[in-house]
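Presented below is the structure to which this report refers.
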Amino acid sequence: MRINTIQGHENSISKNMKGITNNTPKAASASNNVSFGLSVSGKDILHKIGKAYEFDKFNFSLIGLMTICYGAVEATRYAKSRDDVERRDILIRDTLTISTIIFGRRAIQNIVSRLCSKATGFALHTKPENHSGTWQKVYNYLRPEKGIKPLSSEEIVAKYGNIHHYKNGILDFCDFITTQGGDVKKVLSYDDKIKKHMSNAYNEWVQLCPATSKRQHNSFEKAEPTEIVDMLKFLNKPGESQNKNIKAIEDNLANIKNNKLIQKARFMNSGFDFLTTFVVVPITLGWITPSINEYITKHFYMKKKPKPEVENNVQPANTQQSTSV
């Protein structure tokens, strides 16, 4: 009887578990999450090449990588060096080479990304929470792990294309652009269709809202980025039907295949990866590092090296000739 009772309990538990499994909603896939981004068709060869060389952090911690490179590699090479010449070359070349690969590539990429972001208005990277003060900012530019991070292709699609997955739609999109150092007006003006709808929405705001401290210009072309955000907040009041121009802007952004903002941002970030991998790093390792090594050798090492003494029994050539005659 006890065995039958236990079996009956097991059967009821298994049935309940099946019911729970069937009724449990499936976890949202990574492609539907803004933090992961949608997959992008990689048919064109340039996108595949850019994706292959895209910076994807390290397989282990930064401290571990530095310990291996500086400690296990450079230190052991220095310990096994045969003379001062080899020790000097190892200290200069190995230190510069390792530092360029670990820190230099990411730092250069971050600097170029920041310059392009300022010029175009696009938010091309994310900043860490602690990004205040001169030394902290320099440190964040150099950190390959938790510092400033250029957006990957998937993240660009998520931020610039998954507009309907933002809680507050275009307002959250504008907040992302602004907080990461971009310019909302420049970004939304890049696509002519979006710019047209933005201009129409701004004209509606001019008619509905009199000139105040928040609105000082009567046209979209002269408006400041802060005025664009205030206009979107005014036309996107909760509880009201969505403005037709705002809806058209969001629909254009959600059309990932024809989203020009995604294409522009991906092109710039892929360009950074290509330049740092195939231009900047090779120049640094193949030309700058040897030049520094040569300069140090000539100006510091050769000056200290004693000149060879001339033997006293060696006579000048003309003296030898006269004696033979």
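For the numbers below, each heavy atom of this structure counts, side chains included, while hydrogens, waters and symmetry mates do not. Owing to the predicted nature of the structure, the values given are computational and were not obtained by experimental measurement.
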When you group the ILVMFWY residues by side-chain heavy-atom contacts below 4.5 Å and let the links chain together, are [Y] and [X] in the same group?
X: Ile148; Y: Phe176; answer: no
X: Val157; Y: Leu188; answer: yes
X: Tyr78; Y: Ile68; answer: no
X: Leu232; Y: Leu208; answer: yes
X: Trp287; Y: Val279; answer: yes

Q: Using ring-ring contact (aromatic ring centres under 6.0 Å, His included) as the criterion, list what pairs up with Phe173, not counting sequence neighbours.
A: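 Phe173: ring-ring contact (aromatic ring centres under 6.0 Å, His included) contacts with Tyr160.
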Do any N or O atoms from the side chain of [X] and from the backbone of [Y] form a donor-acceptor pair under 3.5 angstrom?
X: Thr95; Y: Ile92; result: no
X: Ser270; Y: Phe267; result: no
X: Glu86; Y: Arg82; result: yes
X: Ser199; Y: Lys195; result: no
X: Asn168; Y: Leu171; result: no

Show the nearest heavy-atom pair for residues [X] and [Y], with the distance to one decimal.
X: Leu142; Y: Ala107; value: CD2-CB, 3.7 Å
X: Leu235; Y: Asn243; value: O-CB, 4.0 Å
X: Ile170; Y: Ile163; value: CA-CD1, 3.8 Å
X: Pro150; Y: Glu155; value: O-OE1, 4.1 Å
X: Val229; Y: Cys174; value: CG2-CB, 4.4 Å
X: Asn110; Y: Tyr141; value: ND2-O, 3.1 Å

Which distance, rounded to the nearest 0.5 Å, do you find between the [atom1] of [X] and the [atom2] of [Y]?
X: Asp230; Y: Glu224; atom1: CG; atom2: CD; answer: 11.5 Å
X: Arg77; Y: Leu91; atom1: CZ; atom2: CG; answer: 10.5 Å
X: Leu65; Y: Tyr70; atom1: CG; atom2: OH; answer: 9.0 Å
X: Gln180; Y: Thr178; atom1: CD; atom2: OG1; answer: 10.0 Å
X: Lys149; Y: Gln109; atom1: NZ; atom2: CD; answer: 9.5 Å
X: Ile246; Y: Asn236; atom1: CD1; atom2: CG; answer: 5.5 Å

(Q) Is the ring pair Phe234/Trp205 parallel, tilted or perpendicular, if the boundaries are 30 and 60 degrees? (A)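 The arrangement is tilted - the two ring planes meet at 30° to 60°.
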Q | Test log, rule side-chain contact (heavy atoms from CB on, under 4.5 Å), inputs Asn259 and Leu253 | A | CA-CA 6 Å; Asn259 189 321; Leu253 292 173; 4.1 Å; yes
Side chains of [X] and [Y] in contact at under 4.5 Å (non-hydrogen atoms):
X: Glu250; Y: Gln242; value: yes
X: Arg87; Y: Ile90; value: no
X: Ser113; Y: Met268; value: no
X: Ile292; Y: Arg93; value: no
X: Asn162; Y: Ile256; value: yes

Q.
Among Asn252, Ile194, Asp191, Asn255, which residue satisfies the side chain to side chain contact (heavy atoms under 4.5 Å, CB included) criterion with Lys260?
A.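 Only one of Asn252, Ile194, Asp191, Asn255 forms a side chain to side chain contact (heavy atoms under 4.5 Å, CB included) with Lys260, namely Asp191.
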Could you pull out all donor-acceptor pairs under 3.5 Å where a side-chain atom in residues 116-124 meets a protein atom, sequence neighbours excluded?
from   : atom 1 : to     : atom 2 : distance (Å)
Ser117 : OG     : Phe122 : O      : 2.5
Thr120 : OG1    : Cys116 : O      : 2.7
Thr120 : OG1    : Phe122 : N      : 3.4

Under 3.5 Å donor-acceptor pairs involving side-chain atoms of residues 127-134, not counting sequence neighbours:
from   : atom 1 : to     : atom 2 : distance (Å)
His131 : ND1    : Asn140 : ND2    : 2.9

Q: Go through the steps to decide whether Met66 and Phe103 satisfy the test side-chain contact (heavy atoms from CB on, under 4.5 Å), and finish with yes or no.
A: CA-CA 10 Å; Met66 292 174 62; Phe103 302 103; 3.8 Å; yes
Q: Please lay out, stage by stage, how Ile228 and Phe220 fare under the test side-chain contact (heavy atoms from CB on, under 4.5 Å).
A: CA-CA 8 Å; Ile228 304 298; Phe220 175 76; 3.3 Å; yes
Q: Would you please test Met198 and Met231 for side-chain contact (heavy atoms from CB on, under 4.5 Å) and show each step?
A: CA-CA 10 Å; Met198 286 295 298; Met231 177 267 292; 3.6 Å; yes
Q: Assess whether salt bridge (Lys or Arg N to Asp or Glu O under 4.0 Å) is satisfied between Lys196 and Asp192, documenting all intermediate values.
A: CA-CA 6 Å; Lys196 180 181 178 181; Asp192 292 336; over 6 Å; no
